[in-house]
Undergrad: 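The structure under discussion is supplied below as structure tokens; questions concerning it will follow.
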2 protein chains.
Amino acid sequence: MPRNDKKMKNSQLYKGSLNTIIMKLLEENGKMYGYEITQKVKAITQGELNITEGALYPALHKLEAEGLLDVEIEKVDNRMRKYYKLTETGQKETVNRLSELEDFIRNMQSLVNPSPKLEF
Amino acid sequence: MPRNDKKMKNSQLYKGSLNTIIMKLLEENGKMYGYEITQKVKAITQGELNITEGALYPALHKLEAEGLLDVEIEKVDNRMRKYYKLTETGQKETVNRLSELEDFIRNMQSLVNPSPKLEF
DNA sequence: CAAATATACATAAGATTCTTATACATAATA
DNA sequence: TATTATGTATAAGAATCTTATGTATATTTG
């Protein structure tokens with residue numbers, strides 16, 4: 001049973017951003033299950049970001065343990081799905097995380113695209 | 001000797017971006033020493049990103065070990081400074097890292113600012 | 001002048017996040 | 001019938017960072 005996932009490894013830059021991505025997608029879509037999240041991210045990034053199960057499932061479990069997500073199990077086509085959605089706390093926290101992400105992106109752009117030196 | 005660094009912890013989002021930041025600053029400024037890098041980053045981000053020594057110095061040593069940085073020791077005011085600059089390999093690699101950063105930022109923005117749903 | 005702060009480098013222990021490799025199971029496709 | 005797709009899960013190890021130190025000199029402040 002080979003896993004031919006051809007796991008291209010993601011840039012180190014994505015490290016630390018998974019929780020924010022999950023929460024934003026749940027805010028956007030109401031409820032989603034793990035596999036669906038991986039596919040959605042792959043689609044949105046045109047295949048550039050591939051979330052691995054080894055990263056995703058522990059992250060979901062942790063967010064649930066922290067009270068930011070609620071889970072609801074469904075059986076579809078005889079296969080199990082665990083649907084996650086934001087709790088009220090999770091919704092508030094999502095606002096903070098997205099604000100942090102905006103700051104982060106702004107700061108990184110300042111570092112990488114410094115305002116051009118004036119020449120006389 | 002209290003360490004009143006009031007180390008506010010940086011968002012997890014910055015995890016993985018330190019190498020890119022260092023390399024970009026060195027590309028920009030030719031040569032810099034560690035402490036100078038921390039101050040420069042703090043200034044550019046208006047105090048929002050504070051690089052700790054515990055993260056910075058190991059990162060510099062690793063980049064040097066990988067052949068991306070060269071080091072040159074100077075003594076200024078009886079205090080030691082270790083100036084780092086990009087090697088030729090480091091300069092080429094910086095181009096790649098910055099390209100990765102652009103992709104990363106673009107992908108994060110796609111995830112967070114999805115094109116608005118059309119309403120009819 | 002003594003104490004605190006700023007400058008300057010360094011490392012070790014532990015936390016967190018992720019990759020890689022598995023494991024199990026069903027459905028659909030080649 | 002073998003592979004791929006769908007679906008969840010965890011364990012070992014890698015990589016990166018935080019926190020807490022340690023050492024040392026220069027400058028500023030009370």
Side-chain angles (χ1 to χ4, degrees), chain A residues 1-22 31-43 49-66 69 71-84 97 104, chain B residues 1-22 31-43 49-66 69 71-84 97 104:
Chain A
M1 39 291 272
R3 273 282 159 147
N4 277 346
D5 277 353
K6 56 189 73 170
K7 313 216 167 164
M8 37 149 81
K9 71 176 157 219
N10 301 319
S11 162
Q12 292 284 21
L13 292 167
Y14 292 94
K15 193 166 288 212
S17 60
L18 179 55
N19 287 339
T20 304
I21 292 172
I22 291 171
K31 67 175 192 177
M32 298 179 82
Y33 56 101
Y35 187 74
E36 186 185 10
I37 292 175
T38 66
Q39 300 310 300
K40 189 80 171 178
V41 168
K42 194 185 296 188
L49 177 54
N50 287 282
I51 297 180
T52 59
E53 312 102 306
L56 178 67
Y57 293 113
L60 288 172
H61 301 161
K62 185 159 186 252
L63 289 171
E64 188 194 350
E66 290 169 347
L69 301 188
V71 69
E72 186 187 333
I73 298 180
E74 259 182 60
K75 201 146 194 173
V76 179
D77 269 341
N78 205 29
R79 273 200 240 93
M80 180 178 58
R81 281 184 189 171
K82 288 180 76 174
Y83 276 97
Y84 290 90
R97 303 283 178 110
F104 167 65
Chain B
M1 35 286 272
R3 277 281 159 140
N4 276 347
D5 276 353
K6 57 190 73 171
K7 311 215 168 165
M8 37 150 80
K9 70 177 159 216
N10 301 318
S11 162
Q12 291 285 22
L13 291 168
Y14 292 94
K15 194 166 287 211
S17 60
L18 180 55
N19 287 338
T20 304
I21 292 172
I22 292 171
K31 66 174 192 178
M32 298 179 84
Y33 56 100
Y35 186 75
E36 187 184 11
I37 292 175
T38 66
Q39 300 309 301
K40 190 80 171 181
V41 168
K42 194 184 296 186
L49 176 54
N50 287 281
I51 296 180
T52 60
E53 313 100 307
L56 178 67
Y57 292 115
L60 288 172
H61 300 161
K62 186 162 185 250
L63 288 172
E64 188 195 350
E66 290 169 347
L69 301 188
V71 68
E72 185 187 335
I73 298 179
E74 258 183 60
K75 201 145 194 174
V76 179
D77 271 339
N78 205 30
R79 272 200 242 91
M80 180 179 57
R81 281 184 190 172
K82 289 180 74 173
Y83 277 97
Y84 290 90
R97 303 282 179 111
F104 167 65

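A note on names: the letters A, B, ... follow the listed sequences, proteins ahead of strands, and every chain is numbered from 1.
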Undergrad: Among the nucleotides D/dT10, C/dT11, C/dC18, which one has an atom lying closest to any side-chain atom of B/Tyr57?
TA: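 Nearest to the side chain of B/Tyr57 among the choices is C/dT11.
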Undergrad: If you look at every strand shown and take non-hydrogen atoms under 4.0 Å, does A/Gly54 touch a base, only sugar-phosphate, or nothing?
TA: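 If one applies the 4.0 Å heavy-atom cut-off, A/Gly54 turns out to touch a base.
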Undergrad: Identify each atom pair where a protein N or O and an N or O of nucleotides 14-16 of chain D are less than 3.5 Å apart, giving names and distance.
TA:
| from | atom 1 | to | atom 2 | distance (Å) |
| --- | --- | --- | --- | --- |
| D/dA15 | O3' | A/Gln12 | NE2 | 3.0 |
| D/dT16 | OP2 | B/Lys62 | NZ | 2.9 |
| D/dT16 | O3' | B/Gly16 | N | 3.4 |

Undergrad: Just the atom pairs and distances: protein N or O near nucleotides 27-30 of chain C's N or O, under 3.5 Å.
TA:
| from | atom 1 | to | atom 2 | distance (Å) |
| --- | --- | --- | --- | --- |
| C/dA27 | OP1 | A/Asn78 | ND2 | 3.4 |
| C/dA27 | O4' | A/Arg79 | NH2 | 2.9 |

Undergrad: Quick check for you: among C/dT11, C/dT19, D/dT8, whose closest atom lies nearest to any side-chain atom of B/His61?
TA: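 Ranking C/dT11, C/dT19, D/dT8 by closest atom to the B/His61 side chain puts C/dT11 first.
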Undergrad: List the residues meeting ring-ring contact (aromatic ring centres under 6.0 Å, His included) with B/Tyr84, not counting sequence neighbours, and say none if there are none.
TA: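 B/Tyr84 satisfies ring-ring contact (aromatic ring centres under 6.0 Å, His included) with no residue once adjacent residues are dropped.
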Undergrad: Applying side-chain hydrogen bond (donor to acceptor under 3.5 Å, both in side chains), can you list everything that pairs with A/Glu74, at least two apart in sequence or on another chain?
TA: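 A/Glu74 satisfies side-chain hydrogen bond (donor to acceptor under 3.5 Å, both in side chains) with A/Lys31 only.
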Undergrad: Holding to salt bridge (charged side-chain N to carboxylate O under 4.0 Å, His left out), I want the full list of residues that pass it with B/Glu72, two or more places apart in sequence or in another chain.
TA: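 Expected list: none.
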Undergrad: Please identify each residue that fulfils side-chain hydrogen bond (donor to acceptor under 3.5 Å, both in side chains) with B/Thr20, with sequence neighbours left out.
TA: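 Once residues adjacent in sequence are excluded, B/Thr20 has no partner under the side-chain hydrogen bond (donor to acceptor under 3.5 Å, both in side chains) criterion.
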Undergrad: Apply side-chain hydrogen bond (donor to acceptor under 3.5 Å, both in side chains) to B/Tyr35 and list each qualifying residue two or more places apart in sequence or on a separate chain.
TA: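 Checked B/Tyr35 against side-chain hydrogen bond (donor to acceptor under 3.5 Å, both in side chains); zero matches.
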Undergrad: Of all residues at least two apart in sequence or in a different chain, which pass the side-chain hydrogen bond (donor to acceptor under 3.5 Å, both in side chains) check with A/Glu64?
TA: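 Applying side-chain hydrogen bond (donor to acceptor under 3.5 Å, both in side chains) to A/Glu64 gives none.
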Undergrad: Check side chain to side chain contact (heavy atoms under 4.5 Å, CB included) between A/Lys15 and all other residues, then give those that pass, not counting sequence neighbours.
TA: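 Listed in chain order: A/Gln12, B/Lys15.
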